[in-house]
K.L.:
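Encoded as structure tokens, here's the structure I'll be asking about.
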Amino acid sequence: MLDHFSVMVRDLPASAAFYDAVLAPLGGRRIMEPGPIGYGVDRPDFWLVPAPADADAPLESHIAFTAPDRAAVQAFHDAAVAAGAEVLHAPRVWPEYHPTYFGAFVRDPDGNNVEAVCHRPE
């Protein structure tokens, strides 16, 4: 059900050192960096994202759910809109991630960034 998850961190080097240590026994390792650091076993599915410079800014989480097809991403988006969610990004292809990455992003009632993503082509 989960595709990937990210957390904002105030001290990226300290958090990276921590996750380097604790994820290694589980088979996790740094797969992508610089900027956000992506950890995983085969692909990045856990991300550390630098927090905004404003020390009082809330630290939002990002959670992406795997959708079986693009129609499910659209249905996720439509259900979120019906539930009153703020739309961050309407469903579309995100070629900067990979050529068939199709996702929609909304904000949940607590301000977290929630996504549905399908990695399959149409």
Side-chain angles (χ1 to χ4, degrees):
M1 181 172 203
L2 293 179
D3 187 80
H4 61 274
F5 182 77
S6 67
V7 294
M8 286 188 169
V9 297
R10 298 208 191 277
D11 185 339
L12 186 60
S15 292
F18 173 80
Y19 283 105
D20 286 348
V22 302
L23 294 179
L26 305 176
R29 62 183 174 85
R30 285 190 203 195
I31 294 177
M32 293 185 74
E33 63 180 312
I37 297 174
Y39 286 89
V41 175
D42 299 318
R43 66 177 182 83
D45 51 21
F46 173 68
W47 294 85
L48 300 180
V49 178
D54 178 359
D56 294 328
L59 300 181
E60 73 178 40
S61 293
H62 170 74
I63 187 165
F65 295 100
T66 302
D69 53 38
R70 292 180 180 197
V73 172
Q74 184 65 55
F76 161 89
H77 171 265
D78 296 345
V81 168
E86 173 189 355
V87 175
L88 300 174
H89 302 287
R92 71 173 177 89
V93 174
W94 295 83
E96 59 270 37
Y97 300 149
H98 66 70
T100 61
Y101 193 111
F102 187 82
F105 301 76
V106 299
R107 196 163 302 287
D108 77 6
D110 292 302
N112 295 299
N113 178 335
V114 182
E115 172 189 4
V117 58
C118 175
H119 295 281
R120 298 178 180 169
E122 278 188 278

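Hydrogens, waters and symmetry mates play no part in the numbers below; they use all other heavy atoms, side chains included.
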K.L.:
For D108, check side chain to side chain donor-acceptor pair (under 3.5 Å) against everything at least two apart and list the hits.
P.N.:
N112

K.L.:
List for me each residue that meets side-chain contact (heavy atoms from CB on, under 4.5 Å) alongside I63, sequence neighbours excluded, and say none if there are none.
P.N.:
L2, F5, F65, V114

K.L.:
Check side-chain contact (heavy atoms from CB on, under 4.5 Å) between A71 and all other residues, then give those that pass, not counting sequence neighbours.
P.N.:
D69

K.L.:
Taking side-chain contact (heavy atoms from CB on, under 4.5 Å) as the test, write out the residues that go with A104, two or more places apart.
P.N.:
V73, F76, H77, P91

K.L.:
Looking at every heavy atom in both P36 and W47, which two are closest together, and how far apart are they?
P.N.:
CB-CE3, 3.9 Å

K.L.:
What I'd like to find out is whether the side chain of V49 reaches to under 4.5 Å of the side chain of V9, using heavy atoms alone.
P.N.:
no

K.L.:
Only counting residues at least two apart or in another chain, list the ones meeting side chain to side chain donor-acceptor pair (under 3.5 Å) with D78.
P.N.:
Q74

K.L.:
Can you run down the salt bridge (charged side-chain N to carboxylate O under 4.0 Å, His left out) pairs that involve residues 113-122, sequence neighbours left out, and say none if there aren't any?
P.N.:
R70-E122

K.L.:
Does P50 have any side-chain contact (heavy atoms from CB on, under 4.5 Å) partners at least two apart in sequence or in another chain, and if so, which?
P.N.:
L12

K.L.:
E60: what forms a salt bridge (Lys or Arg N to Asp or Glu O under 4.0 Å) with it, not counting sequence neighbours?
P.N.:
R107

K.L.:
Who are the ring-ring contact (aromatic ring centres under 6.0 Å, His included) partners of H62, not counting sequence neighbours?
P.N.:
H4, F105

K.L.:
According to the salt bridge (charged side-chain N to carboxylate O under 4.0 Å, His left out) rule, which pairs have a member within residues 30-51, sequence neighbours left out?
P.N.:
D3-R43, D20-R30, R30-E33

K.L.:
Search all heavy atoms of A90 against all heavy atoms of V87 and return the closest pair with its distance.
P.N.:
N-CG1, 3.8 Å

K.L.:
Roughly how far, to the nearest 0.5 Å, is the CG atom of N113 from the NE2 atom of H89?
P.N.:
7.0 Å

K.L.:
Could you pull out all donor-acceptor pairs under 3.5 Å where a side-chain atom in residues 92-99 meets a protein atom, sequence neighbours excluded?
P.N.:
residue: W94; atom: NE1; partner: R92; partner atom: O; Å: 3.4
residue: W94; atom: NE1; partner: G103; partner atom: O; Å: 3.3
residue: H98; atom: ND1; partner: T100; partner atom: N; Å: 3.3
residue: H98; atom: ND1; partner: T100; partner atom: OG1; Å: 3.4
residue: H98; atom: ND1; partner: Y101; partner atom: N; Å: 3.3
residue: H98; atom: NE2; partner: H119; partner atom: ND1; Å: 2.8

K.L.:
Specify the closest pair of heavy atoms between A80 and V106, including all atoms of both residues, with the distance to one decimal.
P.N.:
CB-CG1, 3.8 Å

K.L.:
Please name all residues satisfying ring-ring contact (aromatic ring centres under 6.0 Å, His included) with Y19, sequence neighbours left out, ordered by chain then number.
P.N.:
F46

